[in-house]
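What follows is a set of notes on a single structure, which appears directly below.
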Protein chains: 2
Amino acid sequence: MSDGGTGRAARTKRADAQRNKKTLLDAAAAVFIASGVEAPVRDIAAEAGVGTGTIYRHFPTRAELIIAVYQHQVEACAQAGPALLASSPTPHTALARWIDLFVDFLVTKHGLAAVLQPDSSGFDSLHTYFLDTLAPVCAQLIDAAAEAGEVRSGLTAYELMRGVGNLCIGAEHDPRYDARRLVGLLVEGLRRPHDEAPTA
Amino acid sequence: MSDGGTGRAARTKRADAQRNKKTLLDAAAAVFIASGVEAPVRDIAAEAGVGTGTIYRHFPTRAELIIAVYQHQVEACAQAGPALLASSPTPHTALARWIDLFVDFLVTKHGLAAVLQPDSSGFDSLHTYFLDTLAPVCAQLIDAAAEAGEVRSGLTAYELMRGVGNLCIGAEHDPRYDARRLVGLLVEGLRRPHDEAPTA
DNA sequence: GACCAAACGGAACCTCGTTCCGCTAACGAT
DNA sequence: ATCGTTAGCGGAACGAGGTTCCGTTTGGTC
């Protein structure tokens, strides 16, 4: 077989390529922390000590690089959903806590929220990845809360995720704007008034 | 005196300059409707049939042009505040209606909301203009509602405006995302629970 | 050690905001 | 009506950013 010595099943990447990919991810993470997610690709290349072409060989687009950098955290957030549902007193509390997690994540990554929207000039893949990963989890929490009669119905998980994401935009450099508080209000508004009839 | 014939008090602009300014505003408005607020300056220049330099003579920056185009509507929105307060059954209702007005405005202008954030690469003036114009009105409505004991305290008009603006981002090309609904939820969350003590 | 495709680096390209500057023509003075 | 001044104009040029291209380097194989 043409399987490389290191190799698992199929075609293994060349050693320097693997090394570069990791170097790039580390460099990108560092630059994102230092300069925000909107940092120029060239800066990341410089930090990693590679040419710009190398970045594009590994990540077809800036958005893919961002996805790769945050993938683990997004997945961790997704996995926290069921756990919170199990450990929280009520589903609405679980939902609120889970959203807090998400907000903390977004708010601490400079500029990430801003780039989460569809058609943000080629950032569709980012938007899609985040939403595809997290919306199902969110839906599960919403459904649980709805079944418990704690929230109004009619709001989709997609909408809620987008709303929360939007509220987090620009929170990082503006001391006058507290995204957490607004998200809290939104989640509070989601709560079904006691006099309102359940849908189910 | 060096006062022009047409002139009011001081130096009057040349006739062609005034004409071009109006042409530019019209062209910009048309292009914004057709292609969104993010349309390239060159497109606007082309639509108006002038060179790009001409745009910059009249509007030092893209943001200033956008401000000029929407100035009337923003001011109309600001003026609607007191009127709504007078004509609505309760201050919270007035606030909700006024915010609806603002949301309708934002949602119908493709991409406007997205450009309303601070440091959106040189769009600070836009952010400042919108907030300076509308936040005081919003504050008046919030205060009235707070005095009536209808809303929680602690949220600034600035924060609310930014939150609402953020929620409107990207609402225009995404049928799955209804900004109005989310803003409605937010305003609902603002309502003070009946069992909560007033602050004042 | 030689060969070859995978990977690399970075110049080049495109778009977009903004600036610069030589030319045009509006307008007040005569 | 003509002239001179200069506001105003057009669009080339610049810089920044994402992405592509291609000649060169190099890891892996025989």
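Convention: sequence-line order gives letters A, B, ...; per-chain numbering from 1. This one's a predicted model, so the numbers in the text were calculated from it and none came from an experiment.
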Which whole-number value in Å describes the distance from [X] [atom1] to [N] [atom2]?
X: B:K13; N: D:dT6; atom1: NZ; atom2: P; result: 17 Å
X: B:L65; N: C:dT18; atom1: CG; atom2: C1'; result: 14 Å
X: A:F59; N: D:dG18; atom1: CZ; atom2: C1'; result: 16 Å
X: B:L24; N: D:dC9; atom1: CG; atom2: C1'; result: 11 Å
X: A:Q18; N: C:dA7; atom1: CD; atom2: P; result: 9 Å
X: B:R62; N: C:dT15; atom1: CZ; atom2: P; result: 16 Å
X: B:D16; N: D:dT6; atom1: CG; atom2: P; result: 17 Å

Exercise. Contact class for A:R14 vs. all strands (heavy atom < 4.0 Å): base, sugar-phosphate, or nothing?
Worked result: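 The residue A:R14 makes base contact.
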
For this session: Would you indicate what B:A15 reaches in the nucleic acid, counting non-hydrogen atoms under 4.0 angstrom: base, sugar-phosphate, or nothing?
Result: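 Here B:A15 touches the backbone only, sparing every base.
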
Under 4.0 Å from OP1 or OP2 of [N]: is there any side-chain N or O of [X] that close?
X: A:Y56; N: D:dT20; answer: no
X: B:T52; N: D:dG11; answer: no
X: A:T54; N: C:dG9; answer: yes
X: B:N20; N: D:dG8; answer: no
X: B:H58; N: D:dC9; answer: yes

Exercise. Relative to the ring of B:Y70, is the ring of B:F105 parallel (under 30°), tilted (30 to 60°) or perpendicular (over 60°)?
Worked result: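 B:F105 and B:Y70: perpendicular rings.
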
For this session: Identify, between A:G53 and A:R42, the residue whose nearest nucleotide on DNA chain D lies closer to the 5' end.
Result: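 Its nucleotide being nearer the 5' end, the pick is A:R42.
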
Problem set entry | Nearest-nucleotide 5' precedence on DNA chain D, A:P60 against A:D43 |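 Nearest-nucleotide comparison on DNA chain D picks A:D43.
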
Problem set entry | Along DNA chain C (nearest heavy atom to each residue), the more 5'-positioned of B:T61 and B:R19 |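 Nearest-nucleotide comparison on DNA chain C picks B:T61.
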
Exercise. After noting the C-alpha distance and the side-chain angles of B:R97 and B:S88, does the key distance pass the side-chain hydrogen bond (donor to acceptor under 3.5 Å, both in side chains) rule?
Worked result: CA-CA 9 Å; B:R97 286 179 182 169; B:S88 296; 3.1 Å; yes

For this session: Go through the steps to decide whether B:T128 and B:S125 satisfy the test side-chain hydrogen bond (donor to acceptor under 3.5 Å, both in side chains), and finish with yes or no.
Result: CA-CA 5 Å; B:T128 301; B:S125 55; over 6 Å; no

Exercise. Out of D:dG10, C:dT18, D:dG8, which nucleotide sits closest to the side chain of B:V41?
Worked result: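 Among the listed nucleotides, the one closest to the side chain of B:V41 is C:dT18.
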
Problem set entry | Nucleotide nearest A:R57 (side chain, heavy atoms from C-beta), chosen from D:dG8, D:dC22, D:dT26 |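 In terms of side-chain proximity for A:R57, the closest of D:dG8, D:dC22, D:dT26 is D:dC22.
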
Exercise. Of the options B:L160, B:L185, B:I99, which is the one that meets B:L190 in a side-chain contact (heavy atoms from CB on, under 4.5 Å)?
Worked result: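 Output: one option passes, namely B:L160.
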
Problem set entry | B:T90-B:E150 side chain donor-acceptor pair, cut-off 3.5 Å |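 Side-chain D/A pair, B:T90 to B:E150: present.
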
